[in-house]
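First up is the structure itself, then whatever we jot down about it.
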Amino acid sequence: MFKTENKEICVAVSSLDNLRRILDGKPPKGSPRELEVLSKTKSFLGLASRVYFGHETCARRLPLRSEIIKAYSLCLSSGMNMSLVLPYAGERDMGSITSAMEIFSAVNPGGEVILNDFGLINVASEKNIPVKVVLGRLLSRQKRDPRFTEFPSAENLKRDELPLSSFSVPSFKNFFLESGISRAGFDSLPQGINAADVSGFDFDAYWPWVYVTSGRSCQLLGANDARKGKYPLEGLCGKDCLGAVMEPEKQGDFYSFQKGNAVWMEVLEPGTLAGNFTRLIYEPVVPA
Amino acid sequence: MVYTGCMDIVVGIDSLKTVQEIKPLVDAGAGEFFCGYVPPYWSDRFGYEISPNRRPYKGYNYDSFEDLSSAAHSVHSLGKKILLAVNEHEYPPERMSLAIRLAKETAPLNFDGIIISNPALAFEFREAGISAPLHISIGGLANNYEAVRFYNKRVPGIRRFILPRDVTVSEIKSMAEKARDDGVALEAFGIGDPCSYGDGYCPVWHSSTGPTFCSWFLNGKRKLINISDSADNAAVSDAKSEYSGLVIDSDREELLNVIVRACGLCAIHLFKEWGISAVKVPLRGGEARSELISFVKQAMDLKLPEDCQKIIGSKNFCAGARCYYNYPSEKNV
């Protein structure tokens, strides 16, 4: 299903509850479809030596200070490393997310933070926060769509062009190398990834849940509130997403659903991943 | 560099070429224009589905140098500025090479700026001798002021940053204050062309060959699946549509749904007060541009949402998914 030799296996978890369950050998909580996928992939849980803990897409789901400290403690006790995953940030979120980074660096100086936001990368540098920055998969923006067979209409483009990324352009790669960043995340896409010509960079492959899209104005919050439609940013959030996921009635070639403020698609059998993929980021359930 | 004085209105165009066609937009208040160009050497290789900018639709772009040249010349002869959008998120090697070729080919047209999302383009353009100022598109992810600082520290030649759609009015105020202190120019959305998710973090297919992903995912029937601990066999219910609760009880609202689609007019006078350099009216592929531009122009001097509602001719239009900034918060519903 997914080759693991010569790769560091990491498990992606967004909640302390699910982290505890995984470390205790219990299945994490998820939707019926996620649990169905888990039943096919759970052997990877036993191979993990690192935890990617945190949330990529929603600042409202940022782990609490106590949760970050507890998560790190649990990982250490289990003999695992931990990387802190942080979401992208609006202006109002910068303070809290920066604090999360500082808290983590206090308990784990030099530890990795997975960042999906240029502003947070700048803060880490400007404030000399002792963390090792890794680019999250949200900053690698190859085209993807659950209706994969429809786009693009030319098969040669799908085969040859869609797997390519900007990292194959030296100036793009060097832009990040010069900021001290030498690892980046990719989703394991249906078309695969072709980063074979990229040297000097390590890559993470996230599998089997591919990020599709997200927004700070949450479609899931707005799904039950007909007055508001897309939920306003100023609106209070009761984290309703912890209790529900949203599916389209008609699926595309790949199963997709919204969990949290983001849409995800299930890709159990991605295309070829060519390049220096030294980590597999295994998602037992969507880390959202 | 901060634009002092009036706040410009930046309008997307896609087929207008002559002074006669463009002047009505200028008369309505447009001070800047932006456009996309898909030359034959690009479309022959990639079609329009894989575009050099964020509008992968044939009708939304100029596809001949002659037409593009006419448009640029006409805008300049009217004393206004025109920008070129080369703002797709990803440029692997061949697409990067063609983007550079496109920028070099259009350099004699003296575009007043190039809108980009991928930071590597800045370095590649400079290397190729292209010196037009750069505007960072929403795809460039300047979603907070530290991201603005990130770019200014590392990327040469930036003149302006375009703020994303999904920001609050108070966030715009915070960023505008910092921008003023630093002498940085910001641009914010004013009216038209909403986005169901967040463009910069949306790598999904944006193609013209079928419905956009967000339309497909959100506008059809959807199911909410209860996954809480107390769920009884993961109960399923129907999710309401993004627009289902919004009242459309007049022909005017029906028209606004089509031509305006999303509105931030009531916040525009604040943008002007805070020193935002430009208001974006993304109308490539859209209609009734003069009317929408005049809405924005009038809104610069208005204070109350009720005044904006009079301009657009509808009170009920102000709500939910059609409101860019939900400003003033909660008072529109």
Side-chain angles (χ1 to χ4, degrees), chain A residues 29-32 57 88-92 94 117-123 138 141-145 147 150-154 157 161 164-166 168-169 171-172 175 179 212-217 219 222-224 226-230 232-234 242-250 256 263, chain B residues 46-47 49-50 89-93 96 118-120 123-124 141 143-147 149-151 153-154 166-168 171 174-175 196-198 201-205 207 209-210 213 216-218 220-228 234 239-240 242-246 319-321 326 329 333:
Chain A
K29 290 181 187 172
S31 67
T57 62
Y88 54 81
E91 181 76 355
R92 72 182 181 195
M94 291 300 290
D117 187 285
F118 291 144
L120 291 170
I121 294 172
N122 197 60
V123 163
L138 270 60
R141 296 180 288 177
Q142 284 88 333
K143 292 285 176 273
R144 75 281 311 270
D145 197 298
R147 307 163 295 170
E150 295 180 41
F151 307 107
S153 47
L157 287 178
E161 187 66 18
L164 295 172
S165 78
S166 295
S168 294
V169 175
S171 55
F172 187 83
F175 179 72
S179 294
V212 177
T213 187
S214 65
R216 294 182 72 215
S217 290
Q219 293 288 352
N224 262 335
R227 292 179 309 133
K228 292 191 166 78
K230 187 168 68 171
L233 287 178
E234 292 91 348
L242 293 172
V245 298
M246 183 165 72
E247 283 182 355
E249 190 176 55
K250 186 174 181 301
S256 63
V263 179
Chain B
F46 295 115
E49 293 171 275
I50 301 179
H89 298 162
E90 288 280 286
Y91 290 90
M96 177 64 81
N118 189 304
F123 301 101
E124 297 287 341
L141 305 176
N143 298 344
N144 49 68
Y145 199 73
E146 284 298 328
R149 290 195 172 120
F150 172 88
Y151 271 100
K153 207 163 72 174
R154 294 164 175 80
D166 47 354
V167 288
T168 68
E171 287 177 324
S174 172
M175 293 180 74
S196 298
Y197 291 97
Y201 287 106
C202 191
V204 78
W205 214 260
S207 171
T209 61
F213 168 78
W216 172 79
F217 190 86
L218 295 171
K221 285 192 74 175
R222 290 165 294 147
K223 296 180 286 187
L224 286 174
I225 301 169
N226 192 331
I227 60 168
S228 64
K240 294 182 173 56
E242 193 173 30
Y243 299 96
S244 65
L246 302 170
N326 265 285
S329 186
V333 294

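In the text below, chain A, chain B and the rest are named by the order of the sequence lines, each starting its count at 1.
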Grab the two heavy atoms, one from B:N144 and one from A:G119, that are nearest each other, plus how far apart they are.
OD1-CA, 3.3 Å
Derivation and outcome, side chain to side chain contact (heavy atoms under 4.5 Å, CB included), residues A:E91 and B:V167:
CA-CA 8 Å; A:E91 181 76 355; B:V167 288; over 6 Å; no
Could you tell me whether B:E171 and A:R216 have a side-chain N and a carboxylate O separated by less than 4.0 Å?
yes
Out of A:E161, A:E150, A:E249, which one racks up the most heavy-atom pairs below 4.5 Å with chain B?
A:E161
If you apply the rule side chain to side chain contact (heavy atoms under 4.5 Å, CB included), what do you find for A:M246 with B:L218, and how did you get there?
CA-CA 10 Å; A:M246 183 165 72; B:L218 295 171; 4.2 Å; yes
Going from OG on A:S179 to CZ on B:F150, what distance comes out if it is rounded to the nearest 0.5 angstrom?
5.0 Å
Heavy-atom side-chain contact between A:S168 and B:P92 under 4.5 Å
no
A:N122 and B:R154 side chains, donor-acceptor separation under 3.5 Å
yes
Contacting region of A:M94 [heavy-atom separation from chain B under 4.5 Å]:
side chain
Supply the atom-to-atom distance B:I227 CD1 to A:K29 NZ, rounded to the nearest 0.5 angstrom.
10.0 Å
For chain B, the option from A:T57, A:L242, A:D117 that forms the most heavy-atom pairs under 4.5 Å
A:D117
Under 4.5 Å to a heavy atom of chain A? For B:N118 that would be side chain
side-chain hydrogen bond (donor to acceptor under 3.5 Å, both in side chains) evaluation trace for B:T168 with A:R92
CA-CA 9 Å; B:T168 68; A:R92 72 182 181 195; 5.2 Å; no
Cationic tip of A:R147 above B:W216 ring, under 6.0 Å, 45° of axis:
yes
I'd like to know if the side chain of A:Q219 reaches the main chain of B:Y197, judged simply by a donor and an acceptor atom lying under 3.5 Å from each other, with no hydrogens or angles considered.
no
Quick one: are A:K143 and B:I50 in side-chain contact, heavy atoms under 4.5 Å?
no
Tell me, side chain or backbone of A:L138 under 4.5 Å from chain B's heavy atoms, or both, or neither?
both
Under 4.5 Å heavy-atom distance to chain A, tell me which part of B:F46 shows up: side chain, backbone, both or neither.
both
Heavy-atom count check: over 12 atoms from other residues, nucleotides or ligands less than 6.0 Å from B:K221 NZ?
no
Before giving the answer on side chain to side chain contact (heavy atoms under 4.5 Å, CB included), spell out for B:F217 and A:T213 the whole-Å C-alpha distance, their side-chain angles and the decisive distance to 0.1 Å.
CA-CA 11 Å; B:F217 190 86; A:T213 187; over 6 Å; no
Would B:Y201 and A:F118 count as a ring pair (Phe, Tyr, Trp, His ring centres under 6.0 Å) here? Give the steps.
CA-CA 12 Å; B:Y201 287 106; A:F118 291 144; 8.7 Å; no
To the nearest 0.5 Å, tell me how far B:E90 CD sits from A:R141 CZ.
7.0 Å
Most heavy-atom pairs under 4.5 Å with chain B, out of A:G215, A:G30, A:S214, belong to A:S214
Taking every non-hydrogen pair under 4.5 Å, which of A:L120, A:I121, A:V263 racks up the most with chain B?
A:V263
So which atom in A:S217 and which in B:D166 form the shortest heavy-atom distance, rounded to 0.1 Å?
OG-CB, 4.3 Å
With rounding to the nearest 0.5 Å, note down the distance linking OG in A:S166 to NE2 in B:H89.
10.5 Å
